Structure formats: structure tokens, C-alpha cells
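Values in this document were obtained by computation on a predicted structure and should not be read as measured data. Residue numbers start at 1 and run along the sequence shown.
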Amino acid sequence: MSKKILIVEDEQSIATLLKYNLEQAGYDALTAPDGEQGKVLAIEQHPDLIILDLMLPKLDGIEVCKELRQQKVMTPILMLTAKDDEFDKVLGLELGADDYMTKPFSPREVVARVKAILRRSQVQAELVEGTQEERVCIEIGGLKIYPEHYEAYFDDNLLEFTPKEFELLLYLAKNKGRVLTRDQLLSAVWNYDFAGDTRIVDVHISHLREKIESNTKKPAYIKTIRGLGYKLEEPKGI
């Protein structure tokens with residue numbers, strides 16, 4: 001069964017181009033010309049991935065992303081923006097978008113990103129649906145991660161993550177105590193085989209800290225190694 005992609009884009013020429021290229025790649029693609037219709041289709045049609053333009057009539061992409069995440073719609077979101085504006089990109093990521101691309105872009109690159117995101121989502125789904133009798137747990141301080149169930153707890157409270165946040169936390173945990181560069185994390189978690197924007201990593205690290213650190217300015221778990229990257233370690237005194 002083909003994966004379903006929802007394209008929320010008000011520029012008809014771009015929407016048509018993306019739809020054509022995605023269908024040529026074997027996906028089912030549907031489009032919405034504004035944010036309100038896009039949000040409705042995202043909830044009703046259960047797409048496997050959403051391509052979401054930032055600048056939309058009726059409801060902009062930032063608001064659509066925010067409202068979907070508030071309603072627990074955790075479908076991966078690839079955000080499109082015509083602006084080369086750091087604030088808009090970061091805000092989109094903060095609100096739960098998994099990735100972004102800046103216009104103009106190559107349709108082939110969009111399809112490549114879509115494939116990479118869906119490939120990882122499929123792996124996650126298979127892990128969640130697995131019927132392992134014993135729950136594998138990675139435990140670090142007050143943090144417990146169950147990879148096959150796609151769950152993480154902190155002090156026995158279930159945490160809520162976007163798919164990309166969970167992937168990042170899991171990768172850090174599997175490499176506990178190792179210093180990982182931003183480029184390594186970008187390659188491992190976002191599956192980029194090229195030099196991407198490492199700001200994506202910083203934003204997601206910040207999001208993780210908000211959920212597992214009692215003091216985000218003096219983190220006990222996710223440490224910044226200046227000039228290198230990050231590492232997840234056992235908090236001292238626990």
C-alpha cells in the first residue's frame with residue numbers, strides 16, 4: 001500500500017510540481033490550498049507525512065504545526081519556507097516540525113527527504129508493533145527509554161516527543177558517554193549524507209533538555225562539549 005503524503009501549499013504551481021514528483025516516486029499525494037483545510041485533512045486523512053508551507057492563507061504553517069501537535073497528531077512534518085529567516089526555521093522546529101527546506105528547492109531533493117523521513121518512521125512503527133515479551137529498557141539516572149515501544153519516562157512520568165526528538169534521545173542514549181558532533185547527529189538522526197544546517201540539532205537538543213533537565217542552563221544529562229558537540233551522561237549524584 002502506497003504511503004500517503006499531504007501537501008499543504010497555496011502556490012498551485014509548486015503544489016502541482018510536488019504532487020507530480022511524489023506520485024512518480026510511488027506515493028499517493030493529496031493537496032490543500034490553505035492552512036485550515038490542511039489541518040482538517042491532516043486529522044481526517046491520516047497521512048504518513050505532511051509537507052507544510054510556512055506562509056499560508058487562513059492559517060499559517062506555524063499555527064497548523066502547533067495545533068496539530070497540541071491535538072497529539074504526531075505525523076512527521078517537513079516544513080517549506082520561502083524565507084531565509086533563522087527565526088521562522090527555529091520556531092517551526094520548536095513547535096514540532098521534523099525538518100525544513102528553503103525555497104527554491106529541487107523536487108528530487110524533496111522526494112529524497114520524504115523517503116528518508118518515511119524510512120525512519122517505518123522502522124519506528126515496526127518497533128512499536130513488535131511483540132517482544134520482555135521490554136528492553138535503557139536506563140540513565142531518572143530516565144527510562146523503551147526503544148521497541150517508542151516510549152520514554154522521566155521519574156516514571158511518560159514524556160511526549162515528536163518522532164525526531166525521540167530518535168535523537170535514543171541515539172544519544174545508545175552512545176552514552178560519547179561525545180557526538182553536530183554533523184554526526186545530523187547524519188545519524190536526520191539521515192543527511194551532506195552538510196546540513198546543524199542548527200536543527202541545537203533546537204532539538206534544547207527541546208529535549210526542557211523535558212528531562214531540572215535546570216536547562218546547567219544540564220545534568222545532556223552536556224554541551226564546547227567546540228565539539230554533545231553527550232548524554234549519567235547525572236552525578238544519582
Side-chain angles (χ1 to χ4, degrees), residues 2-121 162-165 186 189-192 194 196-204 207:
S2 298
K3 296 287 187 181
K4 186 188 299 182
I5 312 296
L6 171 61
I7 304 161
V8 189
E9 170 61 67
D10 62 319
E11 292 187 49
Q12 185 60 47
S13 60
I14 294 177
T16 301
L17 182 65
L18 289 173
K19 187 174 190 296
Y20 172 79
N21 279 273
L22 287 165
E23 288 177 343
Q24 288 296 302
Y27 299 108
D28 288 334
L30 63 156
T31 63
D34 61 66
E36 283 188 2
Q37 188 175 335
K39 187 181 77 168
V40 171
L41 289 176
I43 294 170
E44 293 181 351
Q45 294 295 318
H46 305 290
D48 297 285
L49 184 142
I50 302 168
I51 297 177
L52 179 65
D53 191 27
L54 181 67
M55 303 299 291
L56 293 166
K58 298 186 180 180
L59 207 63
D60 66 33
I62 294 292
E63 196 61 31
V64 173
C65 184
K66 179 180 177 182
E67 291 188 17
L68 288 177
R69 294 314 190 215
Q70 286 176 342
Q71 294 185 46
K72 312 303 182 188
V73 177
M74 305 311 289
T75 306
I77 293 175
L78 173 60
M79 188 166 279
L80 304 179
T81 173
K83 294 182 177 181
D84 191 17
D85 189 328
E86 182 85 358
F87 175 76
D88 286 328
K89 295 172 184 175
V90 171
L91 183 58
L93 294 170
E94 287 282 5
L95 293 173
D98 295 273
D99 202 352
Y100 70 83
M101 295 188 69
T102 302
K103 298 177 183 176
F105 48 76
S106 159
R108 289 181 62 187
E109 185 181 359
V110 175
V111 172
R113 294 276 186 100
V114 167
K115 286 181 178 178
I117 294 170
L118 288 176
R119 186 163 56 245
R120 289 182 173 275
S121 295
T162 67
K164 201 57 64 179
E165 289 168 2
L186 198 61
V189 178
W190 281 265
N191 203 31
Y192 288 178
F194 54 90
D197 186 348
T198 56
R199 178 63 177 161
I200 296 175
V201 176
D202 297 335
V203 171
H204 281 73
H207 234 182

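Here I77 contributes atom CD1 and I50 contributes atom CD1; the two are 4.5 Å apart, rounded to the nearest 0.5 Å. One finds the SG atom of C65 at 11.0 Å from the CG atom of L59 (value rounded to the nearest 0.5 Å). To the nearest 0.5 Å, atom OG1 of residue T102 and atom CG of residue L54 are 10.0 Å apart. In this structure, CG on L78 lies 12.0 Å from CG on L6, to the nearest 0.5 angstrom. Atom-to-atom distance recorded for I51:CD1 and I14:CD1 is 11.5 Å, nearest 0.5 angstrom. Atom NZ in K58 sits 11.5 Å away from atom CG in D10 (nearest 0.5 Å).
Although no hydrogens or angles enter the test, the distance criterion places no donor-acceptor pair under 3.5 Å between the side chain of W190 and the main chain of K164. In this structure, the side chain of K4 engages the main chain of Q45 through a donor-acceptor pair within 3.5 Å. No donor-acceptor distance shorter than 3.5 angstrom exists from the side chain of E11 to the backbone of S13, with no hydrogens or angles considered. In this structure, H204 contributes its side chain and I200 its backbone to a donor-acceptor pair below 3.5 Å. Here the side chain of T31 pairs no donor or acceptor atom with the backbone of I7 at under 3.5 angstrom. Without hydrogens or angle criteria, Q37 side chain to D34 main chain gives no donor-acceptor distance under 3.5 Å.
More than 12 heavy atoms of other residues, nucleotides or ligands shown are found within 6.0 angstrom of CZ on F105. Within 6.0 Å of NZ on K115 lie no more than 12 heavy atoms contributed by other residues, nucleotides or ligands.
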Inset, instruction - Mind running side-chain contact (heavy atoms from CB on, under 4.5 Å) on L118 and I5 for me, showing each step along the way? - result: CA-CA 10 Å; L118 288 176; I5 312 296; 3.8 Å; yes
Inset, instruction - Walk me through it: do V110 and L18 pass the test side-chain contact (heavy atoms from CB on, under 4.5 Å)? - result: CA-CA 8 Å; V110 175; L18 289 173; 3.8 Å; yes
Inset, instruction - Please step through side-chain contact (heavy atoms from CB on, under 4.5 Å) for the pair D28 and L30, ending with a clear verdict. - result: CA-CA 7 Å; D28 288 334; L30 63 156; over 6 Å; no
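For the pair V114/L22, a side-chain contact is recorded, criterion being any heavy-atom separation below 4.5 Å from C-beta on. Counting only heavy atoms from C-beta outward, the side chains of V8 and V64 never approach each other to under 4.5 Å. Within the 4.5 Å cutoff, the side chain of L52 has no heavy atoms near those of the L68 side chain. Under the 4.5 Å side-chain criterion, counting only non-hydrogen atoms from C-beta, T162 is in contact with M74. For the pair D53 and K103, the minimum side-chain heavy-atom distance is below 4.5 Å. Side-chain contact check for D98 versus P163: some heavy-atom pair is nearer than 4.5 Å. Side-chain contact between Y100 and R113 is absent, with no heavy atoms from C-beta onward closer than 4.5 Å. For the pair Q24 and V111, the minimum side-chain heavy-atom distance is 4.5 Å or more.
When every heavy atom of A42 is checked against every heavy atom of P47, the shortest pair comes out as O-CD, 3.4 Å. The shortest heavy-atom contact between P33 and P57 is O-CG, 3.7 Å. Between D48 and P76, the shortest heavy-atom distance links the atoms O-CD, 3.5 Å.
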